[in-house]
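Both backbone and side-chain heavy atoms feed into the values below; hydrogens, waters and symmetry mates do not. The chain is numbered in sequence order, starting from 1.
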Amino acid sequence: MIDWLDMQRFATALVMPLSLGLLLGLAGLVLVWRVWWLGVFVVGFGLGLIGACSLPVVATALMSQLERDYPPQAAADCEPADAILVLGGAVQPLLIGDVRPRLHRGSDRIWEAARLYHAGCASQVVVSAGGQIEPPIAAPEAEAIAELLTALGVPRSALRLETESRNTLGNARSSREVLDSSGTRRVLLVTSAWHLRRAVAIFEQAGFDVVPVGADYRSISSCRGLQCWLPSAGALEASGLALKEFLGYLVQVQLRKRSRGRTTFLSLSERVGLRLSCRS
């Protein structure tokens with residue numbers, strides 16, 4: 001059975017700088033045998049794409065476009081809300097044999113959510129992080145995040161877990177189902193700053209009143225002078241994340257808006273047409 005979400009992720013991975021650059025390079029090598037100048041151009045373009053996206057100055061510029069509207073803020077300055085809602089992508093999934101959650105750069109989200117709770121910004125913390133549970137994955141990410149939040153002093157009674165979602169659209173839909181019964185609408189949405197633009201739009205489309213809270217800032221760069229022009233794996237990763245966000249915003253937000261607009265227009269047109277036909 002085809003998993004369309006996995007297919008979508010695979011397609012997205014193919015247009016990331018490293019994959020796309022390598023594919024262009026391979027295509028160029030094939031073209032060299034037929035149209036040598038075109039093949040050389042395509043190979044150069046592919047390698048140039050990888051090289052450019054590997055530069056810290058490029059990665060920082062791309063990330064700053066996503067993060068500039070969501071500057072870091074002190075937890076004490078938070079706006080009161082019904083709940084703190086932290087999204088997955090904050091820890092590695094618990095694998096069979098793991099005895100504790102494994103952290104990575106995105107784990108800043110957990111620390112930020114704990115800080116907001118202890119500052120009294122909301123009385124409950126909702127963790128929205130699911131995924132496919134099959135070997136070697138042993139449990140949903142939400143459970144690992146909850147374990148860490150508890151270690152940071154957030155009582156288990158204040159936590160609500162959403163374990164079914166597999167992407168940001170799923171986060172919004174499933175979180176709404178979890179919170180509908182309590183009437184929760186205003187949330188402090190905690191995720192990586194570079195992810196907020198898309199996440200805020202999706203959660204607002206789902207009916208939430210969103211107060212964005214950023215973590216895991218990538219545009220606050222420590223490089224200086226010539227160091228900013230030296231390629232690095234970290235910069236290539238950051239550039240890929242930024243391009244993924246731009247693409248995701250286009251597909252999941254802008255195109256969905258246009259699709260809904262067309263549907264609404266057609267629905268209104270059909271109603272007007274029906275009324276006119278009834279009158280005639």
Measuring only between side-chain heavy atoms, which start at C-beta, is V86 closer than 4.5 Å to T191? no
With a 6.0 Å cut-off (strictly less than), is the heavy-atom count around CZ of F246, excluding the residue itself, greater than 12? yes
Is there a path from W111 to L148 through hydrophobic residues (I, L, V, M, F, W, Y) whose side chains come within less than 4.5 Å of each other? yes
Would you kindly confirm whether L103 and V125 end up in one hydrophobic cluster when ILVMFWY residues are joined by side chain heavy atoms under 4.5 Å apart? yes
In the single-linkage hydrophobic clustering (I, L, V, M, F, W, Y; side-chain heavy atoms under 4.5 Å), do L29 and L24 co-cluster? no
Going by heavy atoms in the side chains, are Y117 and L149 under 4.5 Å from each other? no
From CA spacing to verdict: side chain to side chain contact (heavy atoms under 4.5 Å, CB included), L14, L23: CA-CA 8 Å; L14 287 180; L23 287 174; 4.1 Å; yes
C228 versus P56, closest heavy-atom pair with distance: O-CD, 3.2 Å
Restricting to non-hydrogen atoms, name the atom on P101 and the atom on A144 that form the minimum distance, rounded to 0.1 Å. CG-O, 3.6 Å
Under the criterion side chain to side chain contact (heavy atoms under 4.5 Å, CB included), I'd like the reasoning laid out for E237 against L18: C-alpha separation, chi angles, the key distance, then a yes or no. CA-CA 9 Å; E237 179 200 14; L18 181 58; over 6 Å; no
Between D209 and R185, does at least one N-O distance fall below 4.0 Å, as a salt bridge requires? no
Rounded to the nearest 0.5 Å, what's the gap from CG on L196 to CD on E245? Could you check? 9.5 Å
Give a yes or no on this: more than 12 heavy atoms of other residues, nucleotides or ligands lie within 6.0 Å of atom CD1 of I96. yes
Return the minimal non-hydrogen interatomic distance between T163 and A142, and the atom names on each side. CG2-CB, 3.9 Å
Check whether H195 reaches the backbone of L66 with its side chain - one donor and one acceptor, N or O, closer than 3.5 Å. no
Is there a path from V42 to W36 through hydrophobic residues (I, L, V, M, F, W, Y) whose side chains come within less than 4.5 Å of each other? yes
List the atom of P17, the atom of L243, and the distance in Å for their closest heavy-atom pair. CG-CD1, 3.5 Å
What's the separation between atom CZ in R198 and atom CD in Q254, rounded to the nearest 0.5 Å? 13.0 Å
Does V57 offer a backbone N or O that forms a donor-acceptor pair with the side chain of T60 under 3.5 Å? no
Starting at CG of L169, measure out to OG of S174 and round the result to the nearest 0.5 Å. 10.5 Å
Using the side chain to side chain contact (heavy atoms under 4.5 Å, CB included) rule, take L31 and F41 through it: C-alpha gap first, then chi angles, then the decisive distance, then the call. CA-CA 10 Å; L31 282 172; F41 174 80; over 6 Å; no
Can you measure from SG (C121) to CD (E79) and round to the nearest 0.5 angstrom? 10.0 Å
Separation of L87 CG from N167 CG (nearest 0.5 Å): 11.0 Å
State whether the side chain of E141 and the backbone N or O of Q92 hold a donor-acceptor pair below 3.5 Å, judged by distance alone. no
I'd like to know if the side chain of E162 and the backbone of E164 have a donor-acceptor N/O pair within less than 3.5 Å. yes
Indicate whether any N or O donor in one side chain lies under 3.5 Å from an N or O acceptor in the other, for T184 and D82. no
For P71 and R68 the tightest heavy-atom approach is CD-O, 4.1 Å
Taking side chain to side chain contact (heavy atoms under 4.5 Å, CB included) as the criterion, tell me which of L116, L188, L85, I84 meets it with V211. L188
Has the side chain of S19 got a donor or acceptor atom that lies under 3.5 Å from a matching backbone atom of A13? yes
Report yes if the side chains of V32 and W37 come closer than 4.5 Å at any heavy-atom pair, otherwise no. no
Within a strict 4.5 Å, meaning less than it, do heavy atoms of the F10 and L5 side chains meet? no
May I ask you to check whether over 12 heavy atoms, not counting those of F45, lie within 6.0 Å of atom CZ? no
For the residue pair E67 / S219, report whether a side-chain donor-acceptor contact shorter than 3.5 Å exists. yes
Are the side chains of R160 and V127 in contact, using a 4.5 Å heavy-atom criterion? no
Around R9, counting heavy atoms of other residues, nucleotides and ligands shown, do more than 12 lie under 6.0 Å from its CZ? yes
Less than 6.0 angstrom from the centroid, inside 45 degrees of the normal: does R197 satisfy that with respect to the ring of Y249? yes
Which atom pair, heavy atoms only, marks the closest approach of G88 to A129? CA-CB, 3.5 Å
Is the closest basic N to carboxylate O distance between D216 and R218 below 4.0 Å? yes
Would you give the length of the straight line joining atom OH of Y217 to atom OH of Y70, rounded to the nearest 0.5 angstrom? 10.0 Å
Short side-chain to backbone donor-acceptor contact, T150 and A146, under 3.5 Å: yes
So, does S239 use its side chain to make a donor-acceptor pair with the main chain of L236 at under 3.5 Å? no
Are any of the side-chain heavy atoms of S192 and R109 separated by less than 4.5 Å? yes
Side chain to side chain contact (heavy atoms under 4.5 Å, CB included), that's the test. Do N171 and R176 meet it? Break it down for me. CA-CA 8 Å; N171 290 146; R176 182 171 178 176; over 6 Å; no
Between R102 and V91 (side chain of the first, backbone of the second, donor and acceptor by atom type, cut-off under 3.5 Å), is there such a pair? no
Close side-chain approach of L159 to V154, heavy-atom, < 4.5 Å: yes
For T168, does its backbone N or O pair with a side-chain atom of R173 as donor and acceptor, under 3.5 Å? no
Is there a side-chain contact between I50 and L22, using heavy atoms and a 4.5 Å cut-off? yes
Polar side-chain atom of D180 near backbone of E177 as donor-acceptor pair, under 3.5 Å: no
Hey, any chance V200 and V251 share a hydrophobic cluster, counting ILVMFWY side chains that come within less than 4.5 Å of each other, even indirectly? no
